[in-house]
Amino acid sequence: MIRAIIFDLDGVITDTAEYHFLAWKRLADDQGIPFTQEENDALRGVSRRESLNLLLKDRLVSEAQAEEWMERKNQYYQVALQNLSTADVIPGVIDFLIAAKTKGLKTALASASKNAMYVLEKLQLQMYFDIVCDGYCVSNPKPAPDLFVFTAGRLGIFPGDCVVVEDAEAGIQAARAAGMHSIGIGSVQRLKQAEIVLDSLRQISIEEILQKF
Ligand code: B16
Ligand code: MG
């Protein structure tokens, strides 16, 4: 029986993917590395380190350089985040969170981002989540199940009684590896491993989720 819904942040609650892209693009331009919007799609949901690896392809950089580049990208990203406001919450999300609470479900945020707390504050959504787990909570990023298993542990709920809402292929793989149910938000092609794929949380009710799982 479903007792908790675990939400990814970027791509599910808000769309900061464009800000991530612009920050990586600026870093790539600084360093003379070609990087396109299409290539950015592969960075969805993966950690900062893995994002850098994908951007570098087979280019080699020293560890010190990699650290400095990730830090610089993060500074560019954080400047962009200053513009974030309540208007950036994806439509339907707040109604869905309220409906989940009304049905007595636990709600958690589980994001790979180390900026998740700040983003949540800017969106003024902290009060809708029982707990928040971010990129500081575990060392093995998605597609490893660690973040979701950690989140279920903190909620005190069996993984099989959790539904994960994710926009990234790596996130759906992590949910499956954790033994959780999964709802993908986005293209069926990208999220074919999810049990349900939707364009928006407005397309499903909490009652339907409880019936389905
Ligand atoms: P940061 P999510 C992920 O957030 C983003 O989708 C991904 O593009 C980013 O690289 C990752 O967080 C790490 O973010 O650099 O802010 O720590 O989708 O798991 O909410
Ligand atoms: Mg995401």
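Just so you know, ligand 1 is whichever comes first in the structure, and atom 1 is the first atom listed for that ligand. Every heavy atom of this structure was used, including side-chain atoms; hydrogens, water molecules and symmetry mates were not.
Between the side chains of Glu50 and Ser47, not a single donor N or O lies within less than 3.5 Å of an accepting N or O. In this structure, a donor-acceptor pair under 3.5 Å is present between the side chains of Glu71 and Gln75.
Judged purely by atom type and a 3.5 angstrom limit, Arg26 has no side-chain atom pairing as donor or acceptor with the backbone of Tyr76. Not one N or O on the side chain of Ser182 forms a donor-acceptor pair closer than 3.5 Å with the backbone of Ile172. Under a 3.5 Å cut-off, the side chain of Asp167 and the backbone N or O of Ile185 do not form any donor-acceptor pair. Remark: the backbone N or O of Asp134 is not paired with any side-chain donor or acceptor of Lys114 at under 3.5 angstrom. Judged by distance alone, the side chain of Lys103 and the main-chain N or O of Ala100 form no donor-acceptor pair under 3.5 Å.
Shown here are the side chain to side chain contact (heavy atoms under 4.5 Å, CB included) partners of Ala178, two or more places apart in sequence or in another chain: Pro145, Phe148, Val149, Met180. Residues passing the salt bridge (Lys or Arg N to Asp or Glu O under 4.0 Å) test with Glu208: none are found, sequence neighbours excluded.
The number of protein N, O or S atoms lying under 2.8 Å from the Mg ion (ligand 2) is 3.
When heavy-atom distances to ligand 1 are checked against 4.0 Å, the residues falling inside are Asp8, Leu9, Asp10, His20, Leu43, Gly45, Val46, Ser47, Arg48, Ser51, Lys73, Tyr77, Ser111, Ala112, Ser113, Lys114, Asn115, Lys142, ordered by chain and number.
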